Amino acid sequence: MKVGIMSDSHGLTSEIEKIKERHQAEVDVFIHCGDSELEKADSIMEGLLTVRGNCDYDVAYPDYVVETIGDSRFLVTHGHLYNVKMTVMNLSYKAEEEQADIICFGHSHIAGSEMIDGRLYINPGSIRLPRNRKEKTYAILELHQKEATIQFYDVCGNLVKNLRNTYTFN
């Protein structure tokens, strides 16, 4: 099972389309963690599991989504409602409440992943305005039994090697 994760595209359309096309044969589900600044009805957003960010004004997007993908329970949110620029503590409470294994969020534009208390937190960064690095990033998560491998790519599809991580669930 593979999941494509992007966030904070802030109005970009051709980049989203290229990412979807590039990985469509390998990715089972695409997630957008908010701040697309596009209407839900926009054809670019078709096929994306999407949530509302602080720069999204289409109220058709939910603030968060809980979805079982493969054997894992995902919590997808933008992060602004949980103050993720300061701490993931509030988000961790929501993840516990929703019994989520994997939490996907954006808002900070900082790419990274980490395992906290048996839950995997993934921020794909931003494909428009990255922070703390020059690459405009998105992520591909591969789930295989109790193992999760996360790889980050720049907007052109080049692997960002120093962000790759593999995690084991208990």
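All values reported here derive from a predicted model rather than from experimental measurement.
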### Task
Before giving the answer on side chain to side chain contact (heavy atoms under 4.5 Å, CB included), spell out for Asp42 and Asp58 the whole-Å C-alpha distance, their side-chain angles and the decisive distance to 0.1 Å.
CA-CA 11 Å; Asp42 192 309; Asp58 186 342; over 6 Å; no
### Task
Over 60° means perpendicular and under 30° means parallel, so classify the ring planes of Tyr138 and Tyr153, tilted if in between.
parallel
### Task
Might you point out which heavy atoms bring Tyr64 and Glu98 nearest each other, and give the distance in Å?
OH-OE2, 3.6 Å
### Query
Are any non-hydrogen side-chain atoms of Arg133 and Phe152 less than 4.5 angstrom apart?
no
### Task
Indicate, with yes or no, if Val84 and Ile110 share a hydrophobic cluster defined by side-chain heavy-atom contacts under 4.5 Å among Ile, Leu, Val, Met, Phe, Trp and Tyr.
no
### Candidate pair Phe74 and Leu141, rule side chain to side chain contact (heavy atoms under 4.5 Å, CB included), full reasoning
CA-CA 12 Å; Phe74 281 71; Leu141 171 66; 3.9 Å; yes
### Query
Can Ile122 be reached from Val3 by stepping across I, L, V, M, F, W or Y side chains whose heavy atoms are under 4.5 Å apart?
yes
### Task
Among residues two or more places apart or on two chains, list those pairs meeting salt bridge (Lys or Arg N to Asp or Glu O under 4.0 Å) that have a residue in residues 11-37.
Lys2-Glu26
### Query
Between Ser92 and Asp117, is any side-chain donor less than 3.5 angstrom from a side-chain acceptor?
no
### Summary
Between Pro130 and Ser126, the two heavy atoms sitting closest are N-CB, 4.0 Å
## Note on the structure
One should read off an interatomic distance between Ile31 CD1 and Leu49 CG, to the nearest 0.5 angstrom, of 5.5 Å
### Ring centre gap for Tyr61 and His78 strictly below 6.0 Å
no
### Summary
Tightest non-hydrogen contact, residues Gly125 and Asp8, listed as O-OD2, 4.0 Å
### Query
If you group Ile, Leu, Val, Met, Phe, Trp and Tyr by side-chain heavy-atom gaps below 4.5 Å, do Ile150 and Ile116 land in one group?
no
### Message
Does the structure place the NZ or CZ of Lys94 under 6.0 Å from the centre of the six-membered ring of Tyr82, at an angle of no more than 45° from the ring's axis?
### Response
no
### Query
Are the side chains of Leu91 and Leu75 in touch, meaning some heavy atoms are under 4.5 Å apart?
yes
### Task
Anything under 30° is parallel, anything over 60° is perpendicular, the rest tilted; go ahead and classify His10 against His109.
tilted
### Summary
Shortest non-hydrogen pair, Ile16 vs Leu38, comes out as CD1-CD1, 4.2 Å
